[in-house]
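Remarks on the structure that follows.
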Protein chains: 2
Amino acid sequence: MGIGTLASRAGCQVQTVRYYEQIGLLPPAMRNAGNQRRYDNATLRRLTFIRHARDFGFSVEAVRELLGMADHPDMPCDHADAIAKRHLEEVEARIERLSALRDELKRMVAQCAGGRVDECRIVEVLSDHQQCLHAADHGGQQTIR
Amino acid sequence: MGIGTLASRAGCQVQTVRYYEQIGLLPPAMRNAGNQRRYDNATLRRLTFIRHARDFGFSVEAVRELLGMADHPDMPCDHADAIAKRHLEEVEARIERLSALRDELKRMVAQCAGGRVDECRIVEVLSDHQQCLHAADHGGQQTIR
DNA sequence: ATAAAACCTAAAGCCGCTATAGCTTCAAGA
DNA sequence: TCTTGAAGCTATAGCGGCTTTAGGTTTTAT
(Lines give C-alpha, C1' and ligand atoms only; values in the text may rest on other atoms or scores of the structure.)
Protein backbone atom coordinates (compact mmCIF):
# COMPACT_ATOMS: atom_id res chain seq x y z
CA MET A 1 0.00 0.00 0.00
CA GLY A 2 1.03 3.64 -0.40
CA ILE A 3 1.83 6.06 2.37
CA GLY A 4 -1.62 7.67 2.30
CA THR A 5 -3.40 4.36 2.83
CA LEU A 6 -0.97 3.40 5.57
CA ALA A 7 -1.42 6.69 7.35
CA SER A 8 -5.21 6.64 7.22
CA ARG A 9 -5.32 3.02 8.43
CA ALA A 10 -3.07 3.86 11.36
CA GLY A 11 -4.93 7.09 12.02
CA CYS A 12 -2.12 9.54 11.51
CA GLN A 13 -0.87 12.00 8.94
CA VAL A 14 1.28 11.21 5.96
CA GLN A 15 4.00 13.58 7.14
CA THR A 16 4.05 11.85 10.49
CA VAL A 17 4.89 8.54 8.79
CA ARG A 18 7.79 10.15 6.97
CA TYR A 19 8.87 11.77 10.22
CA TYR A 20 8.86 8.40 12.02
CA GLU A 21 10.99 6.95 9.25
CA GLN A 22 13.35 9.88 9.57
CA ILE A 23 13.83 9.43 13.32
CA GLY A 24 14.13 5.67 12.94
CA LEU A 25 10.88 4.47 14.53
CA LEU A 26 9.97 2.96 11.16
CA PRO A 27 12.56 1.31 8.92
CA PRO A 28 13.40 2.94 5.57
CA ALA A 29 10.48 2.09 3.30
CA MET A 30 10.66 0.11 0.08
CA ARG A 31 10.14 2.24 -2.99
CA ASN A 32 8.31 1.58 -6.25
CA ALA A 33 9.67 2.47 -9.69
CA GLY A 34 8.67 6.12 -9.22
CA ASN A 35 10.43 6.45 -5.84
CA GLN A 36 7.21 6.32 -3.83
CA ARG A 37 7.09 4.42 -0.55
CA ARG A 38 5.29 1.05 -0.48
CA TYR A 39 4.27 -0.66 2.76
CA ASP A 40 3.24 -4.13 3.89
CA ASN A 41 1.04 -5.16 6.80
CA ALA A 42 3.99 -5.64 9.12
CA THR A 43 4.77 -1.95 8.86
CA LEU A 44 1.11 -1.10 9.41
CA ARG A 45 1.20 -3.13 12.63
CA ARG A 46 4.37 -1.38 13.71
CA LEU A 47 2.93 2.04 12.99
CA THR A 48 -0.28 1.14 14.81
CA PHE A 49 1.78 0.09 17.82
CA ILE A 50 3.62 3.41 17.72
CA ARG A 51 0.39 5.41 17.50
CA HIS A 52 -1.16 3.49 20.38
CA ALA A 53 1.88 4.02 22.53
CA ARG A 54 1.88 7.74 21.67
CA ASP A 55 -1.85 7.91 22.45
CA PHE A 56 -0.98 6.50 25.85
CA GLY A 57 1.38 9.41 26.26
CA PHE A 58 4.65 7.50 26.03
CA SER A 59 7.54 9.60 24.75
CA VAL A 60 9.15 8.74 21.45
CA GLU A 61 12.16 7.41 23.36
CA ALA A 62 9.90 5.16 25.44
CA VAL A 63 8.17 4.02 22.25
CA ARG A 64 11.56 3.18 20.81
CA GLU A 65 12.30 0.95 23.79
CA LEU A 66 8.85 -0.64 23.75
CA LEU A 67 9.24 -1.38 20.04
CA GLY A 68 12.60 -2.97 20.71
CA MET A 69 10.95 -5.24 23.25
CA ALA A 70 8.00 -6.06 21.00
CA ASP A 71 10.61 -7.21 18.49
CA HIS A 72 11.93 -9.77 21.01
CA PRO A 73 8.92 -11.74 22.24
CA ASP A 74 11.11 -14.29 24.05
CA MET A 75 12.70 -11.77 26.39
CA PRO A 76 11.36 -10.98 29.85
CA CYS A 77 9.01 -8.00 30.01
CA ASP A 78 10.31 -6.40 33.21
CA HIS A 79 11.53 -3.34 31.39
CA ALA A 80 8.23 -2.77 29.57
CA ASP A 81 6.56 -3.01 32.93
CA ALA A 82 9.00 -0.51 34.43
CA ILE A 83 8.47 1.96 31.58
CA ALA A 84 4.70 1.76 31.94
CA LYS A 85 4.87 2.15 35.72
CA ARG A 86 7.12 5.15 35.47
CA HIS A 87 4.84 6.72 32.92
CA LEU A 88 1.86 6.09 35.15
CA GLU A 89 3.64 7.83 38.00
CA GLU A 90 4.39 10.81 35.82
CA VAL A 91 0.78 11.05 34.69
CA GLU A 92 -0.40 10.87 38.29
CA ALA A 93 2.04 13.57 39.33
CA ARG A 94 0.84 15.75 36.50
CA ILE A 95 -2.78 15.26 37.51
CA GLU A 96 -1.93 16.32 41.04
CA ARG A 97 -0.21 19.48 39.94
CA LEU A 98 -3.03 20.35 37.59
CA SER A 99 -5.59 19.73 40.31
CA ALA A 100 -3.82 22.14 42.64
CA LEU A 101 -3.74 24.62 39.80
CA ARG A 102 -7.44 24.11 39.12
CA ASP A 103 -8.27 24.80 42.75
CA GLU A 104 -6.27 28.02 42.74
CA LEU A 105 -7.89 29.14 39.51
CA LYS A 106 -11.33 28.32 40.83
CA ARG A 107 -10.75 30.38 43.93
CA MET A 108 -9.39 33.22 41.85
CA VAL A 109 -12.32 33.24 39.45
CA ALA A 110 -14.86 32.91 42.26
CA GLN A 111 -13.47 36.00 44.00
CA CYS A 112 -13.66 38.26 40.97
CA ALA A 113 -16.55 40.59 41.59
CA GLY A 114 -16.61 41.87 38.00
CA GLY A 115 -15.79 45.48 38.73
CA ARG A 116 -12.75 47.51 37.68
CA VAL A 117 -9.32 46.05 37.08
CA ASP A 118 -7.87 47.64 40.21
CA GLU A 119 -10.42 45.80 42.34
CA CYS A 120 -10.06 42.56 40.40
CA ARG A 121 -8.99 39.58 42.43
CA ILE A 122 -7.46 37.93 39.37
CA VAL A 123 -5.05 40.74 38.62
CA GLU A 124 -4.43 41.13 42.33
CA VAL A 125 -3.43 37.53 42.89
CA LEU A 126 -1.05 37.64 39.96
CA SER A 127 0.49 40.87 41.22
CA ASP A 128 0.90 39.67 44.76
CA HIS A 129 4.52 39.24 45.69
CA GLN A 130 3.73 36.83 48.50
CA GLN A 131 1.76 34.36 46.43
CA CYS A 132 3.71 31.37 45.31
CA LEU A 133 2.51 28.27 43.58
CA HIS A 134 5.53 26.15 42.83
CA ALA A 135 3.15 23.94 40.92
CA ALA A 136 6.05 23.22 38.65
CA ASP A 137 5.07 20.97 35.79
CA HIS A 138 8.37 20.36 34.11
CA GLY A 139 6.38 18.54 31.51
CA GLY A 140 8.26 16.12 29.38
CA GLN A 141 6.19 14.46 26.65
CA GLN A 142 2.97 16.05 27.77
CA THR A 143 1.42 16.45 24.36
CA ILE A 144 -0.73 13.41 24.59
CA ARG A 145 -2.81 13.95 21.44
CA MET B 1 19.68 46.28 39.91
CA GLY B 2 21.32 44.03 37.32
CA ILE B 3 19.66 41.27 35.38
CA GLY B 4 20.96 38.53 37.69
CA THR B 5 19.48 40.15 40.78
CA LEU B 6 16.20 40.78 38.98
CA ALA B 7 15.99 37.20 37.77
CA SER B 8 16.74 35.67 41.15
CA ARG B 9 14.22 37.94 42.89
CA ALA B 10 11.55 36.99 40.39
CA GLY B 11 12.55 33.34 40.51
CA CYS B 12 13.49 32.83 36.92
CA GLN B 13 16.57 32.56 34.77
CA VAL B 14 18.57 35.42 33.37
CA GLN B 15 18.02 34.23 29.81
CA THR B 16 14.30 34.14 30.42
CA VAL B 17 14.34 37.83 31.28
CA ARG B 18 16.12 38.65 28.04
CA TYR B 19 13.67 36.41 26.21
CA TYR B 20 10.71 38.27 27.72
CA GLU B 21 12.25 41.54 26.61
CA GLN B 22 12.73 40.12 23.14
CA ILE B 23 9.09 39.06 22.79
CA GLY B 24 7.89 42.31 24.28
CA LEU B 25 6.54 41.17 27.64
CA LEU B 26 9.11 43.42 29.27
CA PRO B 27 10.02 46.82 27.84
CA PRO B 28 13.55 47.37 26.47
CA ALA B 29 15.75 47.76 29.53
CA MET B 30 17.81 50.78 30.42
CA ARG B 31 21.55 50.22 29.99
CA ASN B 32 24.52 51.37 32.04
CA ALA B 33 27.76 52.71 30.56
CA GLY B 34 28.95 49.20 29.76
CA ASN B 35 25.74 48.24 27.92
CA GLN B 36 24.42 46.08 30.74
CA ARG B 37 20.73 46.09 31.60
CA ARG B 38 19.63 47.96 34.75
CA TYR B 39 16.21 47.48 36.31
CA ASP B 40 13.98 49.26 38.78
CA ASN B 41 11.33 47.87 41.10
CA ALA B 42 8.53 48.53 38.62
CA THR B 43 10.12 46.05 36.25
CA LEU B 44 10.59 43.56 39.05
CA ARG B 45 6.88 43.81 39.81
CA ARG B 46 6.04 43.34 36.15
CA LEU B 47 8.30 40.31 35.86
CA THR B 48 6.85 38.86 39.05
CA PHE B 49 3.38 39.28 37.59
CA ILE B 50 4.49 37.48 34.45
CA ARG B 51 6.03 34.63 36.38
CA HIS B 52 2.96 34.21 38.54
CA ALA B 53 0.69 34.16 35.52
CA ARG B 54 2.95 31.60 33.84
CA ASP B 55 2.96 29.53 37.03
CA PHE B 56 -0.81 29.56 36.79
CA GLY B 57 -0.43 28.08 33.35
CA PHE B 58 -1.52 31.11 31.34
CA SER B 59 -0.01 31.23 27.88
CA VAL B 60 2.32 34.05 26.96
CA GLU B 61 -0.45 35.55 24.82
CA ALA B 62 -2.84 35.45 27.77
CA VAL B 63 -0.15 37.02 29.96
CA ARG B 64 0.24 39.76 27.40
CA GLU B 65 -3.46 40.53 27.65
CA LEU B 66 -3.48 40.33 31.43
CA LEU B 67 -0.50 42.70 31.58
CA GLY B 68 -2.31 45.10 29.30
CA MET B 69 -5.23 45.10 31.70
CA ALA B 70 -3.04 45.46 34.78
CA ASP B 71 -1.67 48.58 33.09
CA HIS B 72 -5.19 50.06 32.97
CA PRO B 73 -6.61 49.79 36.52
CA ASP B 74 -9.61 51.95 35.68
CA MET B 75 -10.97 49.63 32.98
CA PRO B 76 -13.56 46.95 33.68
CA CYS B 77 -12.10 43.52 34.39
CA ASP B 78 -14.54 41.41 32.37
CA HIS B 79 -11.88 40.31 29.98
CA ALA B 80 -9.46 39.23 32.72
CA ASP B 81 -12.30 37.23 34.17
CA ALA B 82 -13.05 35.64 30.80
CA ILE B 83 -9.40 34.69 30.25
CA ALA B 84 -9.16 33.09 33.67
CA LYS B 85 -12.42 31.20 33.21
CA ARG B 86 -11.37 29.88 29.85
CA HIS B 87 -8.06 28.78 31.27
CA LEU B 88 -9.81 27.04 34.12
CA GLU B 89 -11.94 25.15 31.63
CA GLU B 90 -8.88 24.08 29.70
CA VAL B 91 -7.17 22.88 32.84
CA GLU B 92 -10.26 20.91 33.83
CA ALA B 93 -10.46 19.33 30.40
CA ARG B 94 -6.82 18.39 30.60
CA ILE B 95 -7.31 16.79 34.00
CA GLU B 96 -10.17 14.72 32.65
CA ARG B 97 -8.16 13.44 29.72
CA LEU B 98 -5.21 12.63 31.94
CA SER B 99 -7.45 10.84 34.40
CA ALA B 100 -8.82 8.61 31.66
CA LEU B 101 -5.27 7.95 30.58
CA ARG B 102 -4.25 7.15 34.14
CA ASP B 103 -7.04 4.60 34.45
CA GLU B 104 -6.01 2.88 31.22
CA LEU B 105 -2.39 2.81 32.30
CA LYS B 106 -3.31 1.42 35.71
CA ARG B 107 -5.31 -1.38 34.14
CA MET B 108 -2.48 -2.13 31.75
CA VAL B 109 0.15 -2.24 34.47
CA ALA B 110 -2.04 -4.30 36.77
CA GLN B 111 -2.51 -6.97 34.12
CA CYS B 112 1.18 -7.46 33.42
CA ALA B 113 2.10 -10.78 34.98
CA GLY B 114 5.81 -10.18 34.63
CA GLY B 115 6.61 -13.02 32.28
CA ARG B 116 7.92 -12.94 28.73
CA VAL B 117 7.27 -10.11 26.28
CA ASP B 118 4.92 -12.23 24.18
CA GLU B 119 2.66 -12.77 27.19
CA CYS B 120 2.94 -9.18 28.35
CA ARG B 121 -0.31 -7.32 28.62
CA ILE B 122 1.43 -3.98 28.09
CA VAL B 123 2.90 -4.90 24.73
CA GLU B 124 -0.33 -6.67 23.85
CA VAL B 125 -2.54 -3.66 24.48
CA LEU B 126 -0.28 -1.45 22.43
CA SER B 127 -0.27 -3.96 19.59
CA ASP B 128 -4.01 -4.47 19.58
CA HIS B 129 -5.64 -3.07 16.51
CA GLN B 130 -9.03 -2.78 18.17
CA GLN B 131 -7.93 -0.67 21.11
CA CYS B 132 -8.55 3.00 20.76
CA LEU B 133 -8.11 5.76 23.28
CA HIS B 134 -8.92 9.02 21.55
CA ALA B 135 -7.75 10.70 24.73
CA ALA B 136 -6.54 13.48 22.51
CA ASP B 137 -4.77 16.21 24.43
CA HIS B 138 -4.10 18.79 21.79
CA GLY B 139 -2.24 20.61 24.45
CA GLY B 140 -1.75 24.29 23.98
CA GLN B 141 0.40 25.94 26.63
CA GLN B 142 0.64 22.86 28.77
CA THR B 143 4.15 23.41 30.03
CA ILE B 144 3.14 24.86 33.31
CA ARG B 145 6.56 24.90 34.99
C1' DA C 1 46.85 43.84 38.31
C1' DT C 2 44.49 39.92 37.86
C1' DA C 3 41.14 36.52 37.92
C1' DA C 4 36.53 35.07 38.49
C1' DA C 5 31.96 36.10 38.01
C1' DA C 6 28.50 38.28 35.62
C1' DC C 7 27.09 40.23 31.55
C1' DC C 8 26.48 40.74 26.24
C1' DT C 9 24.58 39.04 21.33
C1' DA C 10 23.31 35.71 18.07
C1' DA C 11 22.00 31.39 16.94
C1' DA C 12 20.79 26.61 17.65
C1' DG C 13 18.33 23.03 20.27
C1' DC C 14 14.39 20.87 22.74
C1' DC C 15 9.72 17.89 21.64
C1' DG C 16 6.70 15.88 18.29
C1' DC C 17 4.98 16.86 14.94
C1' DT C 18 2.71 20.26 11.19
C1' DA C 19 2.90 23.29 7.36
C1' DT C 20 4.85 25.29 3.29
C1' DA C 21 7.11 25.47 -1.27
C1' DG C 22 8.09 23.60 -5.37
C1' DC C 23 8.52 19.77 -7.69
C1' DT C 24 7.28 14.53 -9.81
C1' DT C 25 4.40 10.46 -10.27
C1' DC C 26 0.16 8.02 -10.43
C1' DA C 27 -4.72 6.78 -11.53
C1' DA C 28 -9.05 7.55 -13.62
C1' DG C 29 -11.94 9.49 -17.08
C1' DA C 30 -12.71 11.39 -22.04
C1' DT D 1 -3.71 8.35 -25.76
C1' DC D 2 -4.16 12.48 -23.46
C1' DT D 3 -5.39 15.17 -19.59
C1' DT D 4 -6.25 16.45 -15.23
C1' DG D 5 -6.28 16.26 -10.39
C1' DA D 6 -4.86 13.71 -6.50
C1' DA D 7 -1.20 11.88 -4.21
C1' DG D 8 3.58 11.52 -3.61
C1' DC D 9 8.47 13.41 -3.22
C1' DT D 10 12.41 16.35 -0.66
C1' DA D 11 13.91 20.04 2.02
C1' DT D 12 13.08 23.47 5.17
C1' DA D 13 10.72 26.32 8.50
C1' DG D 14 7.47 26.91 12.25
C1' DC D 15 4.93 26.03 16.76
C1' DG D 16 5.60 27.32 22.42
C1' DG D 17 8.43 28.72 25.86
C1' DC D 18 12.16 28.68 26.97
C1' DT D 19 17.34 26.62 27.46
C1' DT D 20 21.85 25.97 25.84
C1' DT D 21 25.94 27.01 23.47
C1' DA D 22 29.63 29.80 21.57
C1' DG D 23 32.43 33.41 21.83
C1' DG D 24 33.10 37.66 23.37
C1' DT D 25 32.98 42.12 27.00
C1' DT D 26 32.33 44.27 31.56
C1' DT D 27 32.20 44.32 36.37
C1' DT D 28 33.76 43.11 40.91
C1' DA D 29 36.65 41.33 44.47
C1' DT D 30 41.20 40.31 45.96
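Quick note: numbers below take in every heavy atom, side chains included, and nothing from hydrogens, waters or symmetry partners. Below, chain A is the first sequence line, B the second, and so on; all start at residue 1.
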Value in whole Å for how far the [atom2] atom of [N] lies from [atom1] of [X]:
{"X": "B:Gln22", "N": "D:dG17", "atom1": "CD", "atom2": "C1'", "answer": "12 Å"}
{"X": "B:Met1", "N": "C:dA6", "atom1": "CE", "atom2": "P", "answer": "17 Å"}
{"X": "A:Glu21", "N": "D:dA11", "atom1": "CD", "atom2": "C1'", "answer": "14 Å"}
{"X": "A:Ile50", "N": "C:dC17", "atom1": "CD1", "atom2": "P", "answer": "10 Å"}
{"X": "B:Leu47", "N": "D:dC18", "atom1": "CG", "atom2": "C1'", "answer": "14 Å"}
{"X": "A:Leu26", "N": "C:dC17", "atom1": "CG", "atom2": "P", "answer": "11 Å"}
{"X": "A:Gln15", "N": "C:dC17", "atom1": "CD", "atom2": "P", "answer": "12 Å"}
{"X": "B:Leu6", "N": "C:dA6", "atom1": "CG", "atom2": "C1'", "answer": "14 Å"}

Do any side-chain nitrogens or oxygens of [X] fall under 4.0 Å of OP1 or OP2 in [N]?
{"X": "A:Arg51", "N": "C:dC17", "value": "yes"}
{"X": "A:Arg54", "N": "C:dC17", "value": "yes"}
{"X": "B:Arg37", "N": "C:dC7", "value": "no"}
{"X": "A:Asn32", "N": "C:dC26", "value": "yes"}
{"X": "B:Tyr20", "N": "D:dG17", "value": "no"}

Regarding [X], tell me which of base, sugar-phosphate or nothing describes its non-hydrogen contacts under 4.0 Å with the strands shown.
{"X": "A:Arg31", "result": "sugar-phosphate"}
{"X": "A:Arg18", "result": "base"}
{"X": "B:Ile3", "result": "sugar-phosphate"}

TODO: Would you kindly compare A:Asn35 and A:Thr16 by the position of their nearest DNA chain C nucleotide and give the one closer to the 5′ end?
DONE: A:Thr16
Open item on the list: Does this structure show an ion pair linking A:Arg107 with A:Asp103, if we count only N-O contacts that are shorter than 4.0 Å?
Closed with: no
Task: Salt-bridge contact A:Arg18-A:Glu21 (side-chain N to carboxylate O under 4.0 Å) - done: no
Open item on the list: Side chains of A:Arg51 and A:Tyr20: any donor to acceptor distance under 3.5 Å?
Closed with: yes
TODO: Could you check B:Gly34 against B:Tyr19 and say which one's nearest nucleotide on DNA chain D is further toward the 5' end?
DONE: B:Tyr19
Task: Which nucleotide in D:dC18, D:dG8, D:dT20 has an atom nearest any side-chain atom of B:Gln13 - done: D:dT20
- [ ] Give the nucleotide from the list C:dC26, C:dC7, D:dG17 with an atom nearest to the side chain of A:Gln36.
- [x] C:dC26
TODO: Step through the shown structure and confirm whether more than 12 heavy atoms of other residues, nucleotides or ligands are within 6.0 Å of CZ on A:Arg86.
DONE: no
Task: Side chain to side chain, A:Cys77 and B:Ile122, heavy atoms closer than 4.5 Å - done: no
